[in-house]
Every structure is written in C-alpha cells, then in structure tokens.
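Below, all heavy atoms of this structure are taken into account, side chains as well, without hydrogens, waters or symmetry copies. Below, read A as the first sequence line, B as the second, and so on, with proteins coming before strands; counting in each chain starts at 1.
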Amino acid sequence: MKEIKCECGHVNPIGTVLCESCGKPIEGNQHIDGNDKKRLLNMRYDGTARRSQTFNKTFIDKVWAFFSSVKVGVWLIVLALIASILGTIFPQEQYIPINAPNRDPAVFYEAQYGIFGLIYYQLGFHNLYSSVWYMILIALIGVSLVICSLDRFLPLYKALKIQKPKKHKTFLSRQRLYSESENVTDEELKLVKERLAKMRYDITEENGNLLAEKGRFSRWGPYVNHIGLIIILIAAILRMTPIFYFEEYVWVREGETTVIPGTDGEYYIENIDFIFDVHDDEKFAEALEKEGMVPSNYQTDLIVYRADTPLPGAEPELKPILEDSVQMNKPLEFDKFTIYQSGYQLNEFSSMTFAIQEKDNEENDFGSFTIDLTNPESEYELDNGFRVVIDQYYPDYYLDENGVPASETNYPRNPAFVFLVYPPDENAPEISFVGIGRNVDATGENNYKLGIQDFDMRDVSGLSVKYDRSLPFFGIGAAIFMIGVIQGMYWQHRRIWINPNNGKVLLAAHTNKNWFGIKKEIEIAIKDTNITMVEDQQELDKSS
Amino acid sequence: MDLLSVSSTALYTAFFGYLLATFFFGATIRDKRTDQHRKKRTMERIAFSLTVAGFLAQLVYFITRWIASGHAPVSNMFEFVTFLGMALVLAFIILYAYYRLNFLGLFALPIAMIIIAYASMFPTEIAPLVPSLQSHWLYIHVTTVALGQGILGISFVVGLMYLIKVTDQSRRTKQNFWLEFVIYILFLVIGFVAITTTFNAMDYEATFEYSQGNNTVTTEYHLPPIAAPNGGTLITEGVMEPWFETPAWFQGEDAGRKFNTLIWSIIAGSIIYLAARLIFRKRIGATIQPLLRNIKADLLDEIEYRSVTIGFPVFTLGGLIFAAIWAEIAWGRFWGWDPKEVWALITWFFYAAYLHLRLSRGWHGEKSAWLAVIGFGIIMFNLIVVNLVMAGLHSYA
Ligand code: HEM
C-alpha cells in the first residue's frame, strides 16, 4: 500500500475514502465508510483516512481499532446503563432504611427480599457502584473516548483545512442535497454569493467554483466535550487519594467538645446548642395537618478550636478560631475544611438520678445517686452505707430476637441497668433491673427498689467535616463538557458547493445536523434565479 | 380572591387554552384545498396564540403560587409534574416557531394536558419545605431538569408521530403491537385521571390500619379498596371489602394504596381504551394514521433528533451538574448514588447512546423513533416509579 494520488493532483494518505481536496471517491476504499452499498456518500469524517480503519496488523492496531469504534463505545455506554439499573433494584447498602429490623447487609437483603435479595447480596450488587467491575466499565469508556477522539480528530482537522471549492462531480451528486441547473447567469451567481455572505457564510472561490461554509468550529464540539469527560474521570481518580479528599463524621453532644478525628488532634468542635425547628406557618396549615410535623431548620451553634500543644505530651491548649452556626444547606468553612450539618439525635439522656426506696413504701427514701450516662462509674456509694454496683448497662436497651436484653447502639437513648444493691453491712446484693418504664425485681425477694428521680436530656448533632480538593477539577471538566455539547449541538457545520460543470451549475450541500435549516437558507439564496432547488436524496421517505 | 385561588384559576385557564388550541390545530390540517389557504392561516394563528395564552396563564399560576407559598412551586409531585407539562409546552412553542408544523401542536398539547391532569391528582395544597430543600439551587436544578425533560418530551411526541405515520397497519406486526401498547399506556394515564376525579368528587374514603415496624399506622384510600395494604385491616364501615392484600414485596410508603390506585387505573384505562376501539373499529394507531398522511417522515425524524440535541445539554446541566452542586452544598457530597440520581445518570447514558447511534447509518427513522419513545419512558419511570416506589432522599409524595 502506498499513498494515493487523485486525478486532481492531490496526494492522499493511505486509507482515504474521499479525496481530501476534490472529494472524489477513491476506488477500492469505499467499503470503509459503507459507500459501496449506498447512493449517498458517508460524510461523517469527510472520508478521511483514520488509523483504525487503515491498519489492522499488529496487536496494537487491533486494540486501537476496537476502542475507536463507535459501536464498541455505544456498547460500553449501554453496559454501564444496564449495570446502573441493576444497582437500583434493591437499595444500596448505604440506603438500607434506618428502621429496618436488621441493617446488617448479610441479613437484611435475604430477610427483606428473599432468595433474590440473597443473590443480590452475594453478587455484591449492594455495593455495585464501588465494585471493581463497575469501575472497570467506566474506565473502559474513558479509554474508548480518548482513542476514538484521537483517531478522528487529526485527520478531520486536516481534511477540513485543505478542502478546495472545486469538487469532483461524483462527490457533489452523491451528497444528500443536490441539484443541477442550466442557463444560470454570472449575475445570478454573484447574487447568490452575496446572499450567502449575508447569512454569514465564509465564501472561498477558485476559478468560478464556490464553497460557502459556516459553523465549522461546531465540528470540534464532540472532541471538546470528550476532553471534559476525561477531566471528570481524572478528577474521580484524584478524589480517591487523601491529598484531595478527606471526610470524617462526628457526633457532638450539646455542651461537649470533641476532637475532629483524622486531624491528629489539631481541631476540636464544641456544640453550644443544637436547634431543631418545625414549620408552623398558618398558610401551610392544611398540608401540616396531613403530613404532621415538618422540620424547618437543623442548626448547630458551635465553636471550632485549634489545639496548640506547647510541649510534647502536655495538655493541648484550645484556641477558638471560629464561632458560628451551621445549617442544612449552609455549610461552614474554616481553614481547609467545610462543616456540614448532617444528622441529629434529639433528646438523648445525659444523666439519670436514682433514689433508693423501700419496695412496698416508696415514701421511704434512703438517698439518691446520679449516673453520668456517657461515662458511668462502676459503683456508687451513699453516705448512709448503701452501695450500688452497675452490673449491666444497656445505653439503648431492647430485647433481641432471642429475648435477651441488648443495646441497639452505644448512645443513651433508652438506658437500662442491672443494679446490684448492697444495703449497709450486707454482703449479698439484691438484683434489680431498671429502665424507662421498667422496674423488675428478678428474684421477687427484694426489700429495696431503685426509682428514677430525675434525668437530664440533650441533643446530639451529627456533623461531617471534609475537604474535597478535586471539586475544581470536576467543575472545570463539567464546564468544558457543557461548552463542547453546546458548541456541537447548537451550531451546525454547513457547506454549500456551487461548481460550474459543462455548462451546467451543480449545487450540493451538506450539514452535520439540521437539514431543514440549510434547505431554508439555500431557498433564500437562490430565490428568483435559475438555480434549481436542491432535491433531498435521503432514503428515509423513499423506503417507506 | 386570594392568591392561591388566582393561581389555581390560572392553571385551569391554561389547561382550557391548550384544549382549545388543540382543536384549532386540528382544524388546520383538515383543510387541504388551496382555496382554503387563507382560512388555514387564520386557524394556525389562532391555535398558536391560544397556546401562548395558555402558557402565559400557566406562568401566572406559577408566579402567584410562588408568592403565596414563599418558594418556587417545584417541590412536590403536583408542582413538579405541572411544571414539566409547562416545560413541554414551552419546548413546543420554541420548536413550532422554527418549524411551523401544525401537526406538532395536535400531538404535543394533548400530551402536555395529560401530564398536567396527572399532576393535579396529587395533593395540591401548598406545603412547607424540609431543610434540605431550602436552597436556591433546588429551584435552579429542578426547573432546568424539567425544561430539559420537556424538550426531550417533544422528541417522544414526534417519535410517536413518526411511528404512527410509518407503521404498516394493514396486518399484525410486532411494531404495530408495541405502538398500540404505548398508546394503551397513555390511555391508562387518562384512566387514572378519570377514576381519581370521579371518586374525589364523591369524597370517597376508606381507612386502613396496619403495622409498620413497631408502630401502627393508618392510610386513607380515596378509591374503593381492591387491594388492602399488606397486613392491613379496614376500619371504615359500610365500604367495599378488599379482595386481596398487596404483596409484601411492594416497597415504600403507602405501597398498598399506590398498588390499589394502579389496579384502578388499569381497569378504568382499559375500559376507555376498549370503548375507543369499539367506536373506531380499528387500532388507535390506525385511526390516527390518516391524519399524518401529508407530513414528511424525514421532517419528523429530523425534529425528533433535533429536540434531543437541544434537550440533551439542558438536561445534563440541570439533571447532573446543577444537581451535583446542590447536593454538594446540602449534604457535602455531590454524588451519592441515590436511586433518583442513578436514574438521572441512566437517562443521560441513554441519550448519549442515542446521539452516538445517530452518527451511524441505519439508526435513523423507525429505530431512532423507538429510542426517543423509550428515552421518555425512562424519564417517566424516574419521575413516577422511582419517586413513588423506591425509597431515597428524593422521594416526594
Ligand atoms: C458517556 C460517555 C459519552 C458521552 C456523554 C459522549 C458525548 C458525546 C456527544 C454529546 C457527542 C456529540 C454528538 C453529536 O454531535 O451528535 C459525541 C460525539 C462522538 N462521540 Fe461521544 N460521548 C461519550 C462516550 C463516547 C465513547 C466511549 C466513544 C468511543 C467510541 C465516543 C465517540 C464519539 C464519536 C466518534 C463522536 C463523533 C465525533 C464527530 O462527530 O466528529 N463517545 N459524544
């Protein structure tokens, strides 16, 4: 194989389908774009030689050809689409409902959805979007994007750059829009040219041959948008590294100061107050009656501290660096971090006070003690000699499937205790079980009981603290993508050729989109001249 | 009159405007004789003016409701779906101004009306916003998505017109079966609107009680219960006894009531469909086909493709980019694989595949029209099934 010299004198690279200069179909290559079977020429890449269609010997050639095929690209997109659908059949692991009886994925899917749920879980579909094969699929789309764009961009760029106004007759007559006219005067041609120029066509003329072209830049739209997509994929990879992405979730109780995990003890957050408001506007009365309470505000008033450790090992000194409130939809920034209001827990118990009473006569009170529920002691001794030992503590009490007491979480939302009560000078304890609304004498022989005398409650705020330095890259990628699609979709590349040929005038036109638009413009341009309106040679209507 | 009644009157006016406009668009295509040309032009102008007037009325609905509730009315099923209907009309107006195709009005406006009627079956009172929705990005995101979907909706309408035009109705084929099936689904929506309106007018109510986790909850049916909630007991007296229970694998809030509504829609829609078949004595597709005789298939194919090329960037901007910005501000994560988000991505993949397929030969015409129909099917799936059935952050109603 060698370079191909066309009869117009232009030398084309191997694999060219339509001469880069005059457009004459190059014999022997027409199968590449499927022109041999059709009357109309495939104008997709102006019949340029593309590497993928030209070389098919080595392994690399084959890989290149594979990934640059639009067919393969579409298959990859369709596969990603189907895979994405699979992930929505049942909830993903992070969306298992909070109120599910058991949120352990190993149990949840089977319990909720039976055998299909079990299969779903075992195939790993409950974490589908972070699975290796889903990521491979997306990566393959990325590879395909790069290769197919490289395969086409340069040849197309070159071909559009060196095109000549004079085209071969075969090229013209095999365009979708084509007409032949006789008795066209020079004045008419001049008029047409002026009208086209007025419609902002760029006109190139050579020996009476005319090329009117506009919107060529829109041909680069797809390449621009693909670059945007590549940047987004790169940003997604960057985001997996700790340099670019950091996220921690902290629960902070009202009045408490908690270190922000992952910051090496550098930052602390104090929760001054958590505010939970509900809507009570008169105008919403009807809706509120139907839906019940609707929250209107989640807010945490907080102080962020930076810890200065003057000497290694010394207690850190907390310096307030920010005092503000964070609300849903109004995140808060400090240093390189952003804080989001992400969760809350209302009315958690902070402390409970118990009174020791005579079992049959609650009036008879032997004193009381207070348990700090986040930090309970193991034993409480009263001045009068009573001793109470905490045998079991269930911060969030419930009975599990086997009827055994257990704690659902580590948060004191429904505290319950098994107490060992040692009356003064006794060695054998009385056992009692106390919780909210529960007071059980396990043996039935107790003389004393413990009554809840008082308690304090507080709210807990769930804050996520993060930075994401990949965001600008996503932003740039998305912006480039949008520019590319708009460039490619809202403008069209239109070309009109007018060539005198043996006393006739041949007019052909091509656009990559919006044939209606170019026809309208041709109509305007040739109005009241002897030039015949182009005929639409597309086969759609003909076949139906 | 207070603002809210102005608002709802305006919406009725808009609906009525679209209805009238449809008739006038219909009148334009009946006259084929050339001496009627002037008359046709008049009809055309009236039809288009009525459409624009309807749109303006709907704009009045939108603005007054915004003022009354204090937030952009795009925050629940009623508001969003109504807005989608409005976006479809806007997309029609834009494309009509360019292509001047009267047939388009005859098909696009009824679809828009079906969508608006469907919307008004959901609770229409103004409701307050939960904290996550209190963001300007909500409005920006939702309105842009709806606009994109409206433009893509035109490609569905035109794709359907294309299929009705070119499908061979002289014998039974797979294609005319599926085409008829798509039309049948439109009838189901009409059935849903008809049956819901009927029983709403009668103030029908039946209450069920069932347990959910550890709580006992009640649900109110506004249609006679054919399917009870799973494990539910009827507590209203003197109403129809349910025939069976909703299977347990129906998920989501109020699954029983929604399933019951679905059954009723199928019954009512099927009856209307069968009645239409009896009247016309042929497939609905075959009945409509002659109307499209004078239009070029090529032009339909092109409009269908163009509305995808115009709608795709708008959808990408609203459904993915603005959505991500909002999610980043609200939750600190711009993408969370929530079912609604995933289905937006699926929609995007689908139309990307469509655009690439259109680059090659052999994917124009019928195949492409089917893709346009399926694409809008995916959009509707995301709007209806994902919202009402799959649990997630975005579940509205
Ligand atoms: C989800 C991923 C992708 C998106 C969103 C996307 C988007 C687009 C868009 C919007 C266009 C313009 C279409 C038009 O103007 O009609 C386009 C063109 C194109 N895309 Fe993609 N694309 C994706 C993946 C791919 C892949 C994997 C390939 C690889 C085969 C590919 C190959 C092409 C080609 C060859 C063009 C035409 C270029 C031209 O007209 O010169 N795309 N793409």
**Residue list, ring-ring contact (aromatic ring centres under 6.0 Å, His included) with A:Trp491, at least two apart or on another chain** = A:Phe217
**Prompt:** Under 4.5 Å, heavy atom to heavy atom, which residues of residues 315-322 of chain B contact chain A?
**Reply:** B:Thr316, B:Leu317, B:Ile321
**Message:** Between A:Glu247 and chain B, with a heavy-atom cut-off of 4.5 Å, which part of the residue counts as in contact: side chain, backbone, both or neither?
**Reply:** neither
**Prompt:** Checking heavy atoms, do the side chain of A:Gln492, its backbone, both or neither come under 4.5 Å from chain B?
**Reply:** side chain
**Item:** Residue, of A:Asp281, A:Val278, A:Ile85, that accumulates the most heavy atom pairs under 4.5 Å with chain B
**Value:** A:Ile85
**Message:** I'd like to check B:Val342 versus A:Tyr129 (side-chain heavy atoms, cut-off strictly below 4.5 Å). Are they in contact?
**Reply:** yes
**Item:** Residues which pass ring-ring contact (aromatic ring centres under 6.0 Å, His included) with A:Phe474, listed by chain and number, not counting sequence neighbours
**Value:** B:Phe334
**Request:** Select, from A:Asp277, A:Ile486, A:Ile77, the one with the greatest count of heavy-atom pairs under 4.5 Å involving chain B.
**Result:** A:Ile77
**Request:** Mind running salt bridge (charged side-chain N to carboxylate O under 4.0 Å, His left out) on A:Lys466 and B:Glu328 for me, showing each step along the way?
**Result:** CA-CA 11 Å; A:Lys466 54 170 287 195; B:Glu328 179 68 25; 3.3 Å; yes
**Item:** Side-chain (A:Gln94) to main-chain (B:Gly336) donor-acceptor, under 3.5 angstrom
**Value:** yes
**Message:** Just so I understand: if I count every heavy-atom pair under 4.5 Å between each of B:Gln134, B:Glu302, B:His356 and chain A, which residue has the most?
**Reply:** B:Glu302
**Request:** Pick one of side chain, backbone, both or neither for A:Phe481, based on which atoms fall under 4.5 Å of a heavy atom in chain B.
**Result:** side chain
**Request:** Kindly indicate whether the side chain of A:Ser342, heavy atoms from C-beta on, has any atom under 4.5 Å from the side chain of B:Trp331.
**Result:** no
**Residues forming a side chain to side chain contact (heavy atoms under 4.5 Å, CB included) with B:Pro131, sequence neighbours excluded** = A:Pro295, A:Tyr298, A:Met328
**Asked** At a heavy-atom separation under 4.5 Å, does A:Ile82 approach chain B through its side chain, its backbone, both, or neither?
**Response** neither
**Fill in**
If you tally heavy-atom pairs under 4.5 Å between each of A:Gly475, A:Gly114, A:Ser464, A:Ala80 and chain B, the highest tally belongs to A:Ala80
**Fill in**
Applying a strict 4.5 Å limit to non-hydrogen atoms, the region of A:Thr338 in contact with chain B is neither
**Prompt:** Are the side chain of A:Lys513 and the backbone of B:Arg306 linked by a donor-acceptor contact shorter than 3.5 Å?
**Reply:** no
**Asked** Taking atom types as modelled and ignoring hydrogens, do the side chains of B:Tyr305 and A:Asn514 form a donor-acceptor contact shorter than 3.5 angstrom?
**Response** no
**Asked** Between B:Trp137 and A:Asn329, is any pair of side-chain heavy atoms under 4.5 Å apart?
**Response** no
**Asked** Is there a donor-acceptor pair closer than 3.5 Å between any side-chain N or O of A:Gln92 and the backbone N or O of B:Asp338?
**Response** no
**Message:** Counting only non-hydrogen atoms closer than 4.5 Å, does A:Leu76 touch chain B with its backbone (N, CA, C, O), its side chain (CB onward), both, or neither?
**Reply:** neither
**Item:** Residue pair A:Phe284 / B:Ser69: nearest heavy atoms and the distance that separates them
**Value:** CZ-O, 3.5 Å
**Asked** If you measure only the distance, is there a donor-acceptor pair under 3.5 Å linking the side chains of A:Thr88 and B:Trp343?
**Response** yes
**Request:** Please report the shortest heavy-atom distance between B:Pro313 and A:Met489, naming the atom on each side.
**Result:** CG-CG, 4.1 Å
**Item:** For chain B, the option from A:Gln299, A:Gln327, A:Glu286, A:Lys330 that forms the most heavy-atom pairs under 4.5 Å
**Value:** A:Glu286
**Prompt:** Does the side chain of A:Leu288 reach to within under 4.5 Å of the side chain of B:Pro128, using non-hydrogen atoms?
**Reply:** yes
